[in-house]
Number of protein chains: 2
Amino acid sequence: MARGPGTRAGLTRTAVLDAARALLAEDGLPGLTMRALARRLDVAPNALYSHVAGKTELVDALLDDHLAAVHDPTPDAADPVAAVADLMTSTFDVLVTAPDLVPLYLQRRGARGENAIRLGATMDALLARAGVPAEAIPTARNNLIVHAVGAAAFATAEGADPTAARHAFVAGLGWLLAGIVRS
Amino acid sequence: MARGPGTRAGLTRTAVLDAARALLAEDGLPGLTMRALARRLDVAPNALYSHVAGKTELVDALLDDHLAAVHDPTPDAADPVAAVADLMTSTFDVLVTAPDLVPLYLQRRGARGENAIRLGATMDALLARAGVPAEAIPTARNNLIVHAVGAAAFATAEGADPTAARHAFVAGLGWLLAGIVRS
DNA sequence: CAATTAAACTGGACGATGTCCAGTTCAAGG
DNA sequence: CCTTGAACTGGACATCGTCCAGTTTAATTG
């Protein structure tokens, strides 16, 4: 049962990330610790550093991987405004799925990973097709992202009513989109 | 120079909070540690626990105290919608002042402290005077708070352009208010 | 004014965290 | 087959928040 030094355990980067995801789902953010992760993989804590640069890099990867679940609408949809609404709603729903991660999006700025970049790009394209002038697109995108992430943060805060928070998110999204297309 | 056990150091809860605020301003959130705080006050780390329940309570107090700087508009202003806009803009500006605290507002839900309650109450009164139906006020308030705090979080993230972020905040605030009064 | 009580502190420790420095062993490539 | 480099373990380091005794001082009581 005891593995000596040098013996392989067959770890993979994706295995580490999967275990981290599971650990996060089971025990929350405070439960996600390098040692607990190693324990779950039956490995010494240091072994993780062969597959991950450190905890922050681990978390960053988790954050962006999570965004992969966002439903990417067809960029040539008939109604681009409705498509943007769908995109943001899907983002909100996905974020709410992992409450512990939401504050981290604010802390680490949610724009680094490739999934975040992809979502931003399709959003820009949809906004352009909706008639938003090019120089106004950054402002519009900023507001929409702030709204989705901020609403998710409030929706997942303890003591919040999830359904009421979602209703508020949808209402605010409509108001923002109305203002954006009118500008 | 060395103080034996039992000798008083003359600490106060407000002295501890002030030192914590200064420490936060100088060294940021990672620099705000119980031990560093004690060092700054020339006191053993445990001494702090005579004036503060723990670090989370310390941070919560810091958060709410920070909101005291928000300019509270006269609740009987001529234009209630403009007053709400001023309130939210002042909140945004105050939040941006302490970048490290902003993510914590999302984490700990920004509604517990007395200052937060006070701001929420005046906001509700202004919205009512603006003609917003009572059952729609919670949704409106939720969206406005989300917008202010979320925009502040994005504005203070590293790599963000502060002036552009503020412009985006003002634009989004206008859109939200337009939608709120029209509902 | 004297005696008791409660609070403010110090000393020292505990458990836990992220991470690094050696070693050891296995798997693959020349 | 041999060599090289990566995957591991063992053990340690610094640091964190917090608690348990003690000790002394200030406030309160009779």
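Naming convention: chains lettered A, B, ... in sequence-line order (proteins, then strands); numbering from 1 in each chain.
- With A:Arg35 contributing its side chain and A:Pro45 its backbone, the two residues share no donor-acceptor pair below 3.5 Å.
- Rounded to an integer number of Å, the gap from CG of B:Leu32 to P of D:dG17 is 8 Å.
- Between the P atom of C:dG18 and the CG atom of A:Leu23 lies a distance of 11 Å, rounded to the nearest Å.
- Side-chain atoms of A:Ser90 never come within 3.5 Å of backbone atoms of A:Leu87 as a donor-acceptor pair (strictly under, hydrogens ignored).
- One finds a side-chain N or O of A:Thr33 lying less than 4.0 angstrom from the OP1 or OP2 phosphate oxygen of C:dG18.
- Of the residues in residues 44-58 of chain B, those lying under 4.0 Å from DNA chain D by heavy-atom distance are B:Asn46, B:Tyr49, B:Gly54, B:Lys55.
- Screening B:Thr122, B:Ile180, B:Leu144 against B:Val84 for a side chain to side chain contact (heavy atoms under 4.5 Å, CB included) leaves a single residue, B:Leu144.
- Across the interface with DNA chain D, nearest-nucleotide mapping of A:Arg35 and A:Val43 shows A:Val43 to be the residue nearer the 5′ end.
- Between B:Arg8 and the phosphate of D:dT25, there is no side-chain N or O to OP1/OP2 separation shorter than 4.0 Å.
- Atom CG in A:Leu11 sits about 16 Å away from atom P in C:dC26, given to the nearest Å.
- Between A:Leu29 atom CG and C:dG18 atom P there is a gap of 11 Å when expressed in whole angstrom units.
- Per the geometry, CZ belonging to B:Arg39 stands 12 Å off C1' belonging to D:dA14, to the nearest Å.
- The CG atom of B:Leu41 sits 15 Å away from the P atom of C:dA8 (whole-angstrom rounding).
- The residues A:Arg40 and A:Glu26 are annotated as salt-bridged, a charged nitrogen and a carboxylate oxygen being separated by less than 4.0 angstrom.
- Taking CG of B:Leu119 as the reference point, atom CD1 of B:Ile145 lies at 8.5 Å (rounded to 0.5 Å).
- For B:Arg166 and B:Asp93, the salt-bridge test passes: some basic side-chain N is under 4.0 Å from an acidic carboxylate O.
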